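This report concerns only the one structure given below.
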Amino acid sequence: MSIETVGVIGAGQMGNGIAHVLALAGYEVRLNDISQDSLDAAVTRITKNMERQVSRELISAQDMSDAMGRISTTLKLPDLGPTDLVIEAATENEALKKQIFDTLLPHLGADTILTSNTSSISITRLASGTDRPERFMGFHFMNPVPLMKLVELIRGIATDEPTYQACLAVVEKLGKTAASAEDYPAFIVNRILIPMINEACYALYEGVGSVASIDASMKLGANHPMGPLELGDFIGLDTCLAIMNVLHDGLADTKYRPCPLLVKYVEAGWVGRKAGRGFYDYRGEVPVPTR
């Protein structure tokens with residue numbers, strides 16, 4: 001399977017990052033979103049991030065110009081139909097993802113590979129609702145996409161070997177490293193990472209330490225580059241909660257019960273950096289702990 005054109009669904013933080021690295025690697029990219037403002041913001045973000053790479057001499061100005069020329073945007077999901085590979089990077093909501101696939105399927109070419117950037121939802125279940133479960137798999141990038149070297153490749157029960165090898169070839173062309181994960185809730189990275197963030201929430205909830213002391217302890221005591229609560233804000237507390245719910249529902253183990261404080265923050269709309277508040281308040285010049 002030769003992949004030359006890639007459709008990316010969702011122009012948010014993950015989608016624009018995926019479009020960025022694909023275009024730099026030489027793929028023609030069609031970026032889709034339901035909002036023109038989101039598409040415009042994505043192009044602006046990609047431009048700024050590539051300019052930063054040019055200033056650091058990681059890429060040349062010509063590399064940037066060529067890559068930006070390979071990115072087109074569209075509000076029409078069917079426009080992604082003729083691409084060789086589609087990467088869905090919409091919100092982590094299973095019903096929404098299924099609705100997107102239902103809309104897209106009638107317009108796909110017979111050989112188009114369909115993938116999801118989901119961080120936790122069953123690939124087998126998503127694939128079963130399509131007409132191509134053998135050409136469907138998980139293609140999970142890490143955030144921020146241009147900087148992080150890992151991509152999780154997750155095969156559903158029906159995913160065939162040519163599909164896996166085609167996606168592996170894309171990862172290698174991007175200069176990233178693939179980790180093959182089995183199709184179990186949250187796969188590898190988030191199976192380990194998100195419960196750690198949830199446990200940090202419990203430590204805060206139970207008064208074991210403050211936001212600042214918990215984050216400082218893990219940064220200075222475990223050599224983590226970011227504290228777990230700071231990292232939760234960066235990921236998005238709504239996303240963390242969604243993944244914990246998938247783990248709790250999928251594995252039926254009480255150790256994956258979402259912390260009530262995490263639930264409260266999400267209910268308040270304090271979901272992290274993107275909202276201006278989470279475990280830290282980002283509305284001033286310097287982030288300030290909220291507890």
Side-chain angles (χ1 to χ4, degrees), residues 1-33 35-77 79-90 109 112-117 119 137-153 163-180 189 225-226 231 234-236 273-274:
M1 296 182 182
S2 177
I3 294 174
E4 297 179 359
T5 58
V6 184
V8 179
I9 302 171
Q13 190 173 41
M14 294 304 296
N16 75 63
I18 293 169
H20 175 143
V21 298
L22 287 168
L24 273 178
Y27 294 102
E28 294 291 331
V29 181
R30 297 178 189 171
L31 180 60
N32 163 263
D33 201 279
S35 162
Q36 186 61 52
D37 288 344
S38 295
L39 289 173
D40 293 343
V43 172
T44 299
R45 174 65 64 86
I46 293 169
T47 301
K48 288 182 178 178
N49 287 341
M50 285 194 189
E51 287 174 344
R52 188 176 297 114
Q53 289 178 301
V54 172
S55 69
R56 295 175 180 174
E57 299 184 346
L58 299 174
I59 62 174
S60 69
Q62 188 61 54
D63 291 335
M64 175 180 170
S65 177
D66 292 345
M68 293 305 300
R70 296 187 192 105
I71 300 173
S72 60
T73 63
T74 178
L75 294 169
K76 300 176 181 178
L77 198 54
D79 287 348
L80 274 56
T83 58
D84 302 316
L85 167 69
V86 173
I87 303 174
E88 171 272 313
T112 299
I113 294 173
L114 191 55
T115 69
S116 176
N117 185 58
S119 53
M137 67 181 298
F139 208 140
H140 182 215
F141 288 84
M142 304 296 122
N143 184 35
V145 179
L147 298 180
M148 302 297 281
K149 295 296 185 182
L150 184 73
V151 179
E152 283 183 317
L153 294 180
T163 295
Y164 176 82
Q165 291 299 328
C167 290
L168 178 60
V170 172
V171 175
E172 291 173 346
K173 187 173 179 180
L174 294 178
K176 297 186 181 295
T177 299
S180 182
V189 173
M226 297 175 71
L231 180 57
F234 180 76
I235 294 169
R273 285 178 179 268
K274 61 188 177 184

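Remember, predicted model here, so these are calculated numbers, not experimental data. Note that the numbering runs from 1 along the sequence shown for the chain.
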Report the C-alpha distance between L22 and V170 in whole Å, list the side-chain angles of each, state the deciding distance to 0.1 Å, and finish with yes or no for side chain to side chain contact (heavy atoms under 4.5 Å, CB included).
CA-CA 9 Å; L22 287 168; V170 172; 4.2 Å; yes
Side chain to side chain contact (heavy atoms under 4.5 Å, CB included) between M137 and L153: does it pass, once the steps are laid out?
CA-CA 7 Å; M137 67 181 298; L153 294 180; 3.8 Å; yes
Would L39 and L31 count as a side chain to side chain contact (heavy atoms under 4.5 Å, CB included) if you check the C-alpha gap in whole Å, the side-chain angles of each, and the deciding distance to 0.1 Å?
CA-CA 8 Å; L39 289 173; L31 180 60; 4.0 Å; yes
For H20 and Q53, what are the C-alpha separation, side-chain angles and deciding distance, and is it a side chain to side chain contact (heavy atoms under 4.5 Å, CB included)?
CA-CA 11 Å; H20 175 143; Q53 289 178 301; 2.8 Å; yes
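Separation of atoms NE2 (H140) and OG1 (T115) is listed at 12.0 Å; rounding is to 0.5 Å. Rounding to the nearest 0.5 Å gives a distance of 11.5 Å between CD of E88 and CG of L80. For the atom pair L168 CG and S180 OG, the distance stands at 9.0 Å (nearest 0.5 Å). A distance of 10.0 Å separates CG in D84 from OH in Y27, rounded to the nearest 0.5 Å.
Residues satisfying the side-chain hydrogen bond (donor to acceptor under 3.5 Å, both in side chains) test with T112, not counting sequence neighbours, are none. With sequence neighbours left out, D40 forms a side-chain contact (heavy atoms from CB on, under 4.5 Å) with Q36. Among residues two or more places apart in sequence or in another chain, the side-chain contact (heavy atoms from CB on, under 4.5 Å) test is passed with E28 by T5, R70. Checked against side-chain contact (heavy atoms from CB on, under 4.5 Å), P144 has the following partners two or more places apart in sequence or in another chain: P146, L147, M148, F234.
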Show me the side-chain donor-acceptor pairs of residues 55-62 shorter than 3.5 Å, one per line, residues at least two apart or across chains.
{"unit_1": "S55", "atom_1": "OG", "unit_2": "R52", "atom_2": "O", "d": "2.7"}
{"unit_1": "S60", "atom_1": "OG", "unit_2": "Q62", "atom_2": "N", "d": "3.4"}
{"unit_1": "S60", "atom_1": "OG", "unit_2": "D63", "atom_2": "N", "d": "3.0"}
{"unit_1": "S60", "atom_1": "OG", "unit_2": "D63", "atom_2": "OD1", "d": "3.4"}
{"unit_1": "S60", "atom_1": "OG", "unit_2": "D63", "atom_2": "OD2", "d": "3.1"}
{"unit_1": "Q62", "atom_1": "NE2", "unit_2": "D66", "atom_2": "OD1", "d": "2.8"}

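Listed by first and then second residue, the side chain to side chain donor-acceptor pair (under 3.5 Å) pairs that reach into residues 165-179 are E161-Q165, sequence neighbours excluded.
Between V145 and Q13 there is no side-chain heavy-atom pair separated by less than 4.5 Å. Side-chain contact check for I9 versus N32: some heavy-atom pair is nearer than 4.5 Å. When side chains are defined from C-beta on, F139 does not count as touching I18, because their heavy atoms never get closer than 4.5 Å.
Proximity of a side-chain donor or acceptor of D33 to a complementary backbone N or O of A11 within less than 3.5 Å is detected. A donor-acceptor pair under 3.5 Å is absent between the side-chain atoms of R30 and the main chain of T83, judged by distance alone.
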